[in-house]
Structures are given as structure tokens and as C-alpha cells.
Colleague: 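Have a look at this one before I ask anything.
Note: hydrogens, waters and symmetry copies are ignored here, and every other heavy atom, side chains too, is used. Since this is a predicted model, take the numbers as computed values, not measurements.
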Amino acid sequence: MAGVQVSNLSRSFGAHKALDDVSIDFADGGFYALLGPSGSGKTTLLRQIAGFDFPDSGRIAIGGESVERVPVEKRRIGMVFQNYALFPNMSVGDNVAFGLSVRGEAKATIASEVQHALDLVQLGKLGGRRPHQLSGGQRQRVALARAIVTKPRVLLLDEPLGALDKALRVDMQIELKRIQREIGITTIFVTHDQEEALTMSDRIGILRDGRLVQEGPPEEIYDSPKSEFAATFLGDANIFRGETTGTGIRLPDGTAIAAGAGAALAAGAKASCAVRPERIRIATDSGTSDPNANMLRGQVSKRIFAGNNSTYFVDRGGQTLKVIVQNTGIERLAEGQKVVLRWSPESTVLIATG
Amino acid sequence: MAGVQVSNLSRSFGAHKALDDVSIDFADGGFYALLGPSGSGKTTLLRQIAGFDFPDSGRIAIGGESVERVPVEKRRIGMVFQNYALFPNMSVGDNVAFGLSVRGEAKATIASEVQHALDLVQLGKLGGRRPHQLSGGQRQRVALARAIVTKPRVLLLDEPLGALDKALRVDMQIELKRIQREIGITTIFVTHDQEEALTMSDRIGILRDGRLVQEGPPEEIYDSPKSEFAATFLGDANIFRGETTGTGIRLPDGTAIAAGAGAALAAGAKASCAVRPERIRIATDSGTSDPNANMLRGQVSKRIFAGNNSTYFVDRGGQTLKVIVQNTGIERLAEGQKVVLRWSPESTVLIATG
Amino acid sequence: MATTRILEWCGRLYIWLLLAFLYLPVIIMALMSFNVSPFYQLPFEWTTEWYASLWQNDQLISATWNSIEIAIITTIISTVLGSAASLALYRYEFRGKKVLQALLFPPIAIPWLITGTAMLIFFFGVGIGRGLFAILLGHVALALPYVIVVVSARLQTFAPELEEAARSLGANQWQVTSRVTLPWIMPGVIAGGLFAFAVSFDQFVVSYFLSTPGQTTLPVEIYAAIRKGFTPEINAVSTIIIVVSMALMLLTARFFKFGGEK
Amino acid sequence: MAGQVATGSRSGLRSALPLLLPAYLWLTVAIFLPLSAMVFFSFMTELPLAGKVWAFTLDNYATFFSERLYLTLLLASLRLGLEVTLWCVVIGYPAAYVLAKVLKGRSREAIFLLVILPFWSNGLVRIFSWAMVLREGGILDTALNAVLPFKINIDLMYSYPAVIIGLVHSYVPYMVLTCYLTLQAIDDSLIEAGRSLGASRLQMLKRVIIPLSMPGLVAGAALIFVPVVGSFMEPRILGGRTGTFYGTVIEDQFVAVFNWPLGAALSFILLAVVLVILALASPVLKRAA
Amino acid sequence: DEVHVLNWKGYGADEPWAIAAFEKATGNKVVNDFFNSEQEMLTKLRTNPGLYDVVMINAAFNDQAMAEKLIQPIDVSKITNYADISPDKAGSPMLARDGKVYGVPWVWGLTALAINEKSFETPPTSITEMWNEAHKGRVVIRDDAVEAVQFGAIATGQNINDIKDMEAVKAKLTSLMPQIKTFWSSENDWNQMVASNQIDIGTYWSGSADRAKTHFKLPVALVIPREGAVAWLDAFSIPVGAKNVAGAEAFINYMIDPGFYVEWVTKVGAPVSANTKAVAALPEDAFNRKVMGDPDVAKRIQFQAPITDAQREAYLALWQEIKVNVK
Ligand SMILES: Nc1ncnc2c1ncn2[C@@H]1O[C@H](COP(=O)(O)OP(=O)(O)OP(=O)(O)O)[C@@H](O)[C@H]1O
Ligand SMILES: Nc1ncnc2c1ncn2[C@@H]1O[C@H](COP(=O)(O)OP(=O)(O)OP(=O)(O)O)[C@@H](O)[C@H]1O
Ligand SMILES: [Mg+2]
Ligand SMILES: [Mg+2]
């Protein structure tokens, strides 16, 4: 088993820098989530690690050894492609068997391993089908089974569960984690599902325009984003912009917002504060329960139901704030209602701007 | 503009029934989400409506007229394919222009409409690229732009935003809703993102094994699922199985659970109760605040952080219950801690089994 | 990475070797058009007399023009008809399709000598007679199977979703075909066209039977000549044709892209 | 990708007819009807010319079975067809692969066109040129002796190898181009996927690339095998003493003696054999694809 | 008017200077068409009634053409040079039927042996030279069943028009096969092979050998072996339905004219004219006069008579069998 070290990797397509001086250390046996907007270079990075494409500069090492001269087939990776890349000329079973069979495993071993992998992705009965006879999600699961059945040392997953419904996705997540733990595969996976990234990974890296923006364990990134981008990209955040006061910031309209975490900044500098919508308590009365709490008044403009929670959009002179409230079955606020928003300084992260 | 009526539609592939007597009325100008496990027939249903494939039995009407003899190109639909199906020989711009250009629009009109559509999906600068030079999410957005630029009367979207990050997805959701409202397109879309389904759609239909399981507005389905499957498929639910008592059920171990909503069932019948994890309050003390509330004791076995909320897994002699707690920044429960779970009968839905 | 480079380099080398193999006879043919001996005799003695006498040889020149004209028209007609037929065979399911596909092989399998004789008899019988039109009739028929087989092979790789996508955007059958399907199968159509041209341009037997005196084609002239009066004028005219077509092809490749898109 | 089935909407001879009719009508007028006349002749004792009396007979077909000569030659021709086809695959397929997957941009387009160009010159003139290369004291002989330290005599002209070389040269472009057509359509990510699963290049070739390019291989093989089996020109000129094949005896029936009925019968037997071989080969090939 | 002529390519009738002279003299324009085998010539006549005015037919095939009513009787009185044709040729039974003349003899020649002068100090005199081990792999013979069998008949001392011992012919030819380099089918084949010094000896046509030597300056010499040689006679006929019979007659007359013949022989090389005056117009030492006119030679040669289809097929079967067995 082996960690993956990526150092100062750059790769351009024409004038476009798809990867720009990216360095990440994917720990041996770790589960690493790559996040980033569409076109930020996630797939490009995975392709470099797999060896399909070569960097303009920078180095990649797997298990401590530079892989510059190691061809793809010797890197012992498993990959799920964003477009699946199933072999159209083979049955589902043969697709999954491919990796074992080129390795020359015994027929019986292959058959049982393949059946096991197909069962694992809940396609045990479809081994005889051709890829074009499958639904999108079924194809994706075949791709997943094909990648894991060979027990590679590094697993590169490009949105491996994107086409699956929630229930199945959770099942697959659990399986992936189990496999990864059992045989200690270093797993790097790209996902657009935030919850998936947060719940599954040991560490998260956020890419933007080919650059690594922030990197760390999920809760750290969630609780202490280092930029407005990181704050809003992973999870949601209300952003207030103003000047630092030492303990927080002062908004242009004079309101002071106290912050309990984040960068230490000289007073007077431009800065912003980020507050997670779920940290804000929304109430109709103004009775202060906590004198230290930040407080703002506003008016509910919209409520959006999202299953286990609802989001209230609260207008406050020009700015709309989001507040998430768990749907515990208690009373709802009506649109137009005047409300008071409160949140603690500890829930407020100070971020340097510019 | 036109609604879509699907009546008693069935379609089999060999022995496999991909659609089994499905009837849905997609209201004119409505936004309809299709949900269902992988392989449940969602894509098959869209392909029938589009006219790529024909039912074994059943009828489809668009705008009140049967379309049995109307070829695809006359149905005035727009479709985003699960695998995008971009034209590889055309640039991104030409892909988007295709629908307008076959209709014989003026060059200048086409150019401006195409630019507008590309701007809308935030790809304004990539019009000259070829599809194979795009990232997965970029391709998906081209497919979306291509489908909406022709202003069809019915929009069929097969996981149109699946490959997009959350921020972009929200932007696209807003655009889609705006377009749909402005020109009143009947929109049918498949998604695996529950939040997306719940927040965007007027109505939701849930398919399972080719059959329509439940259908209705999002909150109704969420709050009053008619089956265990619906309860757990859309959102999460803790399921208790036992015998009805008239006001609720009695579990095999004798615990009584009171239900406030759901089916009216004769006492003694087998039934289950579903409780949403976010409706359960978790506490360490046992001080009763509400005598009517259902109450159970257990022990925290795991906590999973998921951004704006965390899920506690609570063991209670053989059954593991999920409890969602909003991450408001207050104290956390440790694993192993003994806890009391309480929820109101109104949060408990009674469901007939079997 | 290094092995990839080496393999790529080997690949390129291989292509050049293949081209060398393919062009070897052509180069010799061209050289011999500058050799004094009409019997490919060595040592080589430079002359341009064959080009000069070619200039005087009205019959050879007019036969060459006939050949070029017929080959071009054959290429156009057979690629159009052949591509259309391939599309139909690809798109639609109907009874007897296998038979239609099998029927493509008689024109290839039966030696052209027999086909040519049969055409001569039949055309004579039904009053089509001989002449350039009859030659064209025959050439197109001989080229058609090649076009259909080649285009069909390419069509097998086509993803039908693309046609579906186009139709969902309101394109009618013709627009779907011309703007989506055709660009994809273009390399096949072009390969079919190249084969059709080659089949027609080098077609001796059928032309021979169907040509009338004074209205012959180049191969007919050449075959008649080898009996008694072969001269390297034939090499000269072939060389000119090859050089001109090569220039045209390279120009085409420079300005059009048809090798296939991803 | 390959193998997708046409869907329900695309059924029916009626929609196919407008596209099929022109080509098949043309073939009917110019080939099928004339050949039917030939079929008719093949059952005659004499050609119905100059008032000769003719009768219906099966003798012409019987001749094939009664004279060992024809069977021997047919087998020789089939073997020739097979060998030429195999050589074309061996030489042409790698070239098609390089063209489709290694070369990029304009050079690819140029080479695609250049491959067929030599065949726009006259076949006979090309064969004369081969004579220059292959004969003793020819180009090959001279070149090899210039390079090699010892003296060898290479006289390939008028031999079986010369026939093979000439035919392979004439037909290899068919293989290159048809294989290119299907190879070029293979998505690169499939090759990447295979290699990420640990398959060597050779394994990829065998398990994925060749099966996926099968339609092109089959088309190329058919376009080579079928005419080579009936060929007579190249064997006659390049083969010398050894150049007698099934095609040449058919030619003799037409050219040397005026026995069309027998010549036609021999051709149709050839056609039948070829079709049977194609039919037998197609399920095997389909399974491989 | 136009005169449509069907002949071998490069066989006198299509010489540009000749056509020009004829056109100038008679005002008729000549349109040439060619054939590659006698069978093909007949097929062209059959399928194009009325197209040709003159056709050149090997006398051995005249019979068939007459039988099939492809050619018509010729009014020889309109052809002034006809009177000068050597009586044995003009009187050939192959060219007449029911007392009417169907063919005007034009030229005759031999299928004899020709040698590569570089390979011989002194020319051989016997046909057996072909079987000489020294020439193994350097012998050629024309790929023509009838000619091959008749050649075999000569080699076994038989009458070519009445072969009694087929087995002997077969044995003789079979034993020749290992000697063979290849089968030639056109004049060009022969000349190319001799030019690149690939062959020593082989069967060849007398006119072609003459032409190879005089016109192309190739080291070729004709040998009329003492065992004999096959002779053939080419004649002009007028097809049934010819549109320009007068032009045809004029053309035939021109073709057998001594003036044309001498020019043809000197410029190009040709077989022996059937017109005695034409031959007499050649220089004393001309091959066609000195050798071909030698009475000794005349005794050795055997003219091809018509053969039946059945014979022809039998010859072909024999020839094919010999060729196949060599593989
Ligand atoms: N062959 C190419 N030519 C030009 N640009 C390319 C090419 N391949 C990728 N790009 C560009 O490089 C950038 C990074 O692409 P990449 O596929 O890595 O994005 P990604 O992060 O995987 O995005 P997504 O989430 O949409 O899949 C994109 O802007 C894309 O347009
Ligand atoms: N051509 C076919 N032959 C056989 N079975 C097929 C074919 N096409 C689809 N199916 C089956 O029909 C069922 C429904 O497929 P469909 O594509 O509609 O699923 P879906 O709901 O879109 O799933 P997903 O969310 O995974 O895309 C699946 O079980 C699939 O395997
Ligand atoms: Mg990507
Ligand atoms: Mg689907």
C-alpha cells in the first residue's frame, strides 16, 4: 500500500492552466476527497496520478517512488472514470473480470471474485448483460466494481457515486469505506456531494482554477475556512464585509460583528466574517438570552423546505441572509414576518480579504 | 405550452419490466421531479415521452393530443441526456446552435441566443471548444444550454445537474426555475439529489421497479409517506414495526409508540411507524418536558459530521436509530453516552405493511 | 512516458515504411517514364521524349480524360447512392436485409471478366449498347459494393443517441443525417469514395467490353498497347496523374478535416 | 458505441426503401440482371448464338466435380486469398492503428489520402514495376547485395511469393483504411481504463481494441479475400509457371475457348463457396466483436 | 466517310502515318478498335452488328465467322491489289465458302523460336534446345493452349492439324515445364524479359521478332527449327452489315499494297505480306524475303487449319492440366 505525493504539479491545455503548482500529500491508506467547481482541474489531477497524461512540470510519487517512468499498467491503480468507460464489447461480468483476467488469475478465482464484487454493488444478477443494456446508475456501479475488484493500492474515483440515488449511495459509501479500511487502499475521490465529502473523507482538498485553495480534515475546513470561497464552497455561509476592529468587524452601516475564530488581523484592515446559516438562531421576539451574541434584525422573505431542514431567507437592508432551521415539527415563520437573528461570536469566522 | 399525460404505460426489455403500468399527469407548466432507485425506469419513462422508444402498451399525450404518431422532431421537446450526447464533430457553440439552426433561424438571432444560453450556464467563453476539450461538468452544462435554447414546450432532464458542484448547481437550479416560470415549460426532471427534488419541484413522483410508488407535492410526500419505501427513499426515517393499537403501534418488546398521522388501521394489524431523524430530540437527562411525547432510551454509538448537521446513531437493544442534530455550535454528545430520545406523536407516521 | 515516446516513434517509422512499400512501384513507374528504353531496360538513360510524344498522342490523352471524367462521376454517384443505402441498412430493421447485404458480394466475387461479359451481352440485349454511358453504368455498379461495405463498417461505430439528441432538437431526418450522422461517417464516405475512384480509374475489363472505338479509357488503351506497342508514354501519363492527384490531396488535407473527430 | 440496437421507431422496409432503392436498382440493372443471364447460360450446352442448338444441362456444374483440376485450383485460390488477407491484416492493421491513435492533426489526414493514391495508377504498369524490383538483378536483389556482406541471388519474380507480394501490395490499403475507420472511433478512455486495470498494451489490443475494431477488420477482410480468390491478372503475370489459379481457368474459358457456360458455372461455384465461407465466418467474428 | 477497323493494337492498321496516308488518298477517316483475343473479336462482332467495316481475322477463325454469318462475301474485283496475292494464300480453303471469298489474305507469319543473342554463340537449329538443361528457368512459351499443343506436336514430329498421339504431346510439354520461366502473353512481355536478360529462348512470332530486332534494337533472333514451325495467315474481312463497304474495300486494298508494306517493314517491322509484289519490293537480304521466302523454310512450316470447339476445349484441358501439375 502506498501514499501518493504530488509536488508542484502544473499542466496547461494551450493557454489554459488546468493545474497550477498543486502539491498534496495523500496519506497512505487515507480517504481523500477532492472538491472544486466544475472545470477546476479535479479530473486532470486524477489523470496525472493515473499516468494517462503527463505534467508540464512537477513530480508525482506513489509509495515514495517517483512514477515518472512507470506506465499506467504498472502503477497498480484502480480508477472510476467520470464517463465510466466500460468496454462495450464485453458483458458486465467480463468488464469486472478484466483486471483479474489480464493478471492471469485462475478462472474459478475470477468467477467468485467477480460475483462478489457485483453483489457488493447490488448487481449480482446482471453479470450477463451488456453495458448498453444498463441504466446510468447501473453502469456507474459496474465501473466501481471493476475498479475495486483488483484490490489496487491507489483508488482514483471520479464522481463514482454521482448517478446513484441516496439510499444506494449510502450503501456504496459504506462498502467503499469498508474496503478501503480492510485493505488500506489510498483513496482519492472527486465528489460534488458535500455531505459525502464531509462524512466519508479523512481529509478534503479544495481546488479552484487549478490551484489548491485549502486542505485539511473536513471539520477543520468547515469550521475554519481560510477564504470566502472556501467558506461558501463547502457548506453555505453568510458573508459580512467590513473593517476589522480587533475582535471582529464593523460593517459599513456601523453594525459591529464579533468574531471568535479565524485570522488575527490588524485593526482597520478590510476583512469579512462568515457565519454558517445553521448557527444562526431565528426568533420573532427580541428578548436577549445572551448579551454577547451578535444580533441583527430583518424580515423573512422566503422559506424553502428541504426535507430535514428549511432555509429562511431574511432580508436586512440590501443583504439577504440565510438561516437554516431543522424541521423538528414546531411552528413555522411566515413570509414577511419581522425576525431577530442571533449567533455567537464563536460561530463567526474572521477572514482576510483581497 | 402543454402538459404531458402518461396513461398505463408499460415497457419491457426481454423479461424485465422497465415500466409497469405507469400513469402520471404532468401538469402544464409544472416542475415535476422523478425519483427512484437506480434502474427503476426513470430514463425509460423520459425516452417514451420523447418518442425515442415506444411503449408495449399505454398512451402518451402532450398538450392533450396523443403523440403516438408524432415523430420526435415534431414533439417540440428539449432533452438533457444522462450521458449528454453532445455532437462530437461540432464546437460547443454549434452544439447549442443546432436546434435553432435546423429550424432555420437567422444567423444573427442564433448567435445572440447561443451566447445568451452559454452565458447562462457560465460557459460564455468556451463556445469555440470541442466537447472533448471540456470537463465533465462543462459538458453537462452544454447539454443543458442546448436543450433550453430552443424554448421547447416540454423539457426532459435526466440528471441535468448531477456533475455540478453545489454552488453551480444552485445557480443552475435558479436559472432553470426562472426559465420554466417565464415561458411556462412543462419540466420533468430526474435527480438523485433529494434537496434538489424537494426544493425545486411542484410535484414529485417516486418510481420503484418500473412502478409509480407515490406521487404528490414534496412536503406531502415527505410528511406523509405511504410506504416504508417512500419514507426511507425520500429523506431518512427510523422505522418501527409492530401491531397497531389504534393510536399507534406496540413493538414486540411491549413499548408503545403513539402516532399522530398516517393511515387509519384496525387494531391488531401489522404496521410500522416512521419517524424522521430530525424530529427526534436527543438529551442526556430524563426530565420529561412533554408527557405525550414518545420516549426511548439508548446509547450513542457513532456521530457523523455532515456540515450543517450531524447524525447520531443511537443503539437501543438491536435497533439503531438515527437522530439528526443541527450543528448550532453547542455541546456534542460523546460516543457511548446514554441518552433519551423524545419525539411527538405528530412526528410519527403510521404505515400499513405488507 | 519514455516507452510511449519510443512506441510512437516506431509507429511513425512504420507508417513511412508502409508508404515506401506502397509507393515503390509508383516511383519506379515514374522513373521509367524518364528512361530511354521502353522495356524498363537498365542502365537508366534520361530522356523526356515520352512526355513529348505523349503530347502528340491524342488518343491516349482523350482516353485519359475519359477515364478521369468517368472516375469522378462514378465516385460521386456511388458514394451518394452507397452511403444512402448503408444508412438504410444501419437504421432500419426489415425482412430480407441479410439478403441485401449478401447481394453486395457477387459483384466483388465474380471475376470482372465474367461480369463484364455479362454486361456486354445484357446491355446489347436491352439496347443500352456500348459507350461511355454504359461504362459509367458498369463502373458505378462495381464501385457501389465497396462504398456500402466501407461506410457500413464506419456506421457500426456510430452512437445512436446522437441522432436521438438531434431529433429531440427538432431536426428532421435529412438534417439529422446531413449534420450529425454524415460528419461522423465522413471518413468512411471518403474512404469509400477513394476506393470507388480507384475501382473505376483502374477498371479495365468492363471498360474494355463496353467501350466503343475512339471512346475508350486509359486502362483500355494501356492493355491494348501492351500487346504490340507499349511505350513509356503510359508511364508518363500515369506519373502526371499521380503527381497532380497527390498535390490535390495534400491541398485537401491542408484545408479540410475529415479524418474523424472525437 | 458499437452494438447498440436500433430502436423501435427505426423499423420498416418502407422507410428504408427511398434510401435503398437507387443503389439496388442500379446494381440490378448493371449487375444482377446481366449476371442472371450468365446464370442462365451456365445451364446451357451451347450459347444461343448463330442459331446453334442448345439444351438445358447440369453438365457444366458437374464438370467441376468430375475434374480434379478445378477443385485443386479452387483450394489453391482459397489458400491464396487467405494468405493475402492475413498478410494484409498483419501489415495493414498496425498501420491503421498508428494512423488512428498515434498520429494527430493534418499529417493524419494527408496519410489517410496518400495510402490509396498508388492505386490510381494502372495496375498493369504497377506489376511491370514489381518485375523490376523482384527479378534477379532487380532493385531488391541489388539493394540487398549492396548491404549484405555475402552474395545472394534473389529472384522472386515469377513465383508464388511474387504473386503474394503483388496482391498484398494491391489490397493492403483496403485493410488500412477500413480498420482506421473503426479504430479511430474507439474512445481513448476505454484504452486508459484497460491500462489502469493492469492490462499491457498487447492485452489491450487483444481484448479490447481488436474486438472493437472488428467491423473494420471484417469489412477489409471481405473486400480483400473475395476478389483475391477470383483474381487472375496478378497470378498470371507475376506467378509465371506457378500462376495458374481458379481465376485463370475461368478466364481461359472465356478468352481462349468460347465456353461461357462452363466459365459461368465455375464462377457461380466460386461465388457460392465464397458466400458460404463468409456466412460461416460471420458468427465467429460476431462473437469475437 | 469513316472506316471502322477491328484489329490487334499496333498491328499495322493503326500506324499513324499509314492512316494519314490512307485518309489523304481516299478521304475516308479511319477509326480503330482493338481486340485482345480471337474470341473477343468474335464477341465484338456478334454484339456490335453494323459497327465495323473491316475486321482482321486469323484465317483459322474465318470458318467460324462465316458459319455464324458475321462476315460477308467480298467483291474482290473492287480490290485491285488482290490479283497480286500469292495464289496459295488467295486460294486457301479457309477463306472461302460456296465459292465466295470471305477473307483477303494480308500477312502471314510463324510461331517459331526466338533467342536472346547474348545467350548463344551460334543460334540453335533444333527445337530440342528448349529442353536443354543449360536454359533451365530461362525458357518461355506463350500461354495459349492451341499454340502450345501444336508446338508440342511439332516437337514430337506430328502434323499440327491432325495430332494422332496426344499422350506424346502431353509428355513432351510436361517435360518442358521445369525449363519454363514464365508464360508470355504479349509482345511487350517478351521484349521486357529479353531486355532485362531474363530469358534465353522461347516461342515467338516472326513479325514480332523482326520488330524487336529492327525497331527496338533488342538482341533477338528468330530461329525456324528444323522440326518445323506453326504458320498462320491473317486476312481482312468485311462484317455483315458494314455501313461503308466501299471504304472497307479501299482500306483492304491499301493494306495489301506494296507501298504500305515496305514502309511498315522498314519503319516498324512486320510479318510477311501475302502480296508477292510487296515481298518482292523488299531488299534482297530482308528477313521476310530472304528467310521467310526460302523454299526450304516453306517446306518445314505447317499452316494452322481451323479447329473445332471440341478440339479447342480438349487442348485447353490438356494445357491446364500440365500447368497445374507443375505447381
Ligand atoms: N483537452 C483539453 N483541451 C483544452 N482544455 C481542456 C482539455 N481538457 C480539460 N480542459 C480544461 O481544463 C480544465 C480542467 O478540467 P477538468 O476536467 O480537470 O475539470 P474538473 O475539475 O474535473 O471539472 P468537472 O467537475 O466539471 O468534471 C477545464 O476548464 C477544462 O475545460
Ligand atoms: N436495452 C435494454 N435491455 C435490457 N434492459 C434494459 C435496457 N435498457 C434498460 N434496461 C433496464 O431497464 C431498467 C430501467 O432502466 P432505466 O435506464 O430507465 O433506469 P433509471 O431509472 O434511469 O436508472 P438510473 O438512475 O440508474 O439511470 C434497468 O433495470 C435497466 O437495466
Ligand atoms: Mg471532471
Ligand atoms: Mg437513468
Colleague: Using heavy-atom distances under 4.5 Å, tell me whether C:Q101 contacts chain D through its side chain, its backbone, both, or neither.
Modeller: backbone
Colleague: How many angstroms lie between atom CZ of D:R126 and atom CG of C:D202, to the nearest 0.5 angstrom?
Modeller: 5.5 Å
Colleague: Any heavy-atom pair between the side chains of C:L24 and D:S129 that's under 4.5 Å?
Modeller: no
Colleague: Count the heavy-atom pairs under 4.5 Å between each of D:T182, D:V176, D:T178 and chain C, then report the option with the highest count.
Modeller: D:T182
Colleague: Among D:L124, D:L177, D:L275, which residue has the highest count of heavy-atom pairs closer than 4.5 Å to chain C?
Modeller: D:L124
Colleague: Mind checking whether C:T157 and D:I186 have side chains closer than 4.5 Å, heavy atoms only?
Modeller: no
Colleague: Could you check whether any side-chain N or O of C:Y14 sits under 3.5 Å from a backbone N or O of D:I91, counting only pairs where one atom can act as donor and the other as acceptor?
Modeller: yes
Colleague: Please state whether the side chain, the backbone, both or neither of D:I116 comes within less than 4.5 Å of a heavy atom of chain C.
Modeller: side chain
Colleague: Please report the interatomic distance OG(D:S42) to CD1(C:I114), rounded to the nearest 0.5 Å.
Modeller: 11.5 Å
Colleague: For C:I121, is it the side chain, the backbone, both, or neither that has a heavy atom closer than 4.5 Å to a heavy atom of chain D?
Modeller: side chain
Colleague: Quick check on C:V150 against chain D: is it the side chain, the backbone, both or neither that has a heavy atom closer than 4.5 Å?
Modeller: both
Colleague: So, taking the atom named OG in D:S121 and the one named CD1 in C:I242, what distance separates them when rounded to the nearest 0.5 Å?
Modeller: 4.5 Å
Colleague: By a 4.5 Å heavy-atom criterion (distance strictly below it), what part of C:F204 contacts chain D: side chain, backbone, both, or neither?
Modeller: neither
Colleague: Heavy-atom distance under 4.5 Å to chain D: side chain of C:M32, backbone, both or neither?
Modeller: side chain
Colleague: Within a 6.0 Å radius of atom CH2 on D:W120, are there more than 12 heavy atoms belonging to other residues, nucleotides or ligands?
Modeller: yes
Colleague: If you round to the nearest 0.5 Å, how far is CG of D:L19 from CZ of C:R91?
Modeller: 7.0 Å
Colleague: Would you check if the distance from the ring center of C:F21 to the ring center of D:W130 is below 6.0 Å?
Modeller: yes
Colleague: Can you tell which of D:V29, D:L278, D:V274, D:L223 has the highest number of heavy-atom pairs within less than 4.5 Å of chain C?
Modeller: D:L223
Colleague: Can you tell which part of C:L250 gets under 4.5 Å to a heavy atom of chain D, answering side chain, backbone, both or neither?
Modeller: side chain
Colleague: Measuring from C:W112:CH2 to D:E251:CD, what's the distance to the nearest 0.5 Å?
Modeller: 14.0 Å
Colleague: Working to the nearest 0.5 angstrom, can you tell me the gap between C:R12 CZ and D:L103 CG?
Modeller: 5.5 Å
Colleague: Between C:Y146 and D:Y174, does the ring centre distance come in under 6.0 Å?
Modeller: yes
Colleague: If you define the side chain from C-beta out and look only at heavy atoms, does anything of D:I31 sit under 4.5 Å from C:M119?
Modeller: yes
Colleague: Please classify the contact of C:L13 with chain D as side chain, backbone, both or neither, using a heavy-atom distance under 4.5 Å.
Modeller: neither
Colleague: What part of C:L103 gets within 4.5 angstrom of chain D, counting heavy atoms only: side chain, backbone, both, or neither?
Modeller: both
Colleague: Any side-chain heavy atom of C:L22 sitting closer than 4.5 Å to one from D:F119?
Modeller: yes
Colleague: Check whether any side-chain heavy atom of C:Q156 lies under 4.5 Å from a side-chain heavy atom of D:M214, and answer yes or no.
Modeller: no
Colleague: Can you check whether D:Y24 reaches C:L144 side chain to side chain, under 4.5 Å on heavy atoms?
Modeller: no
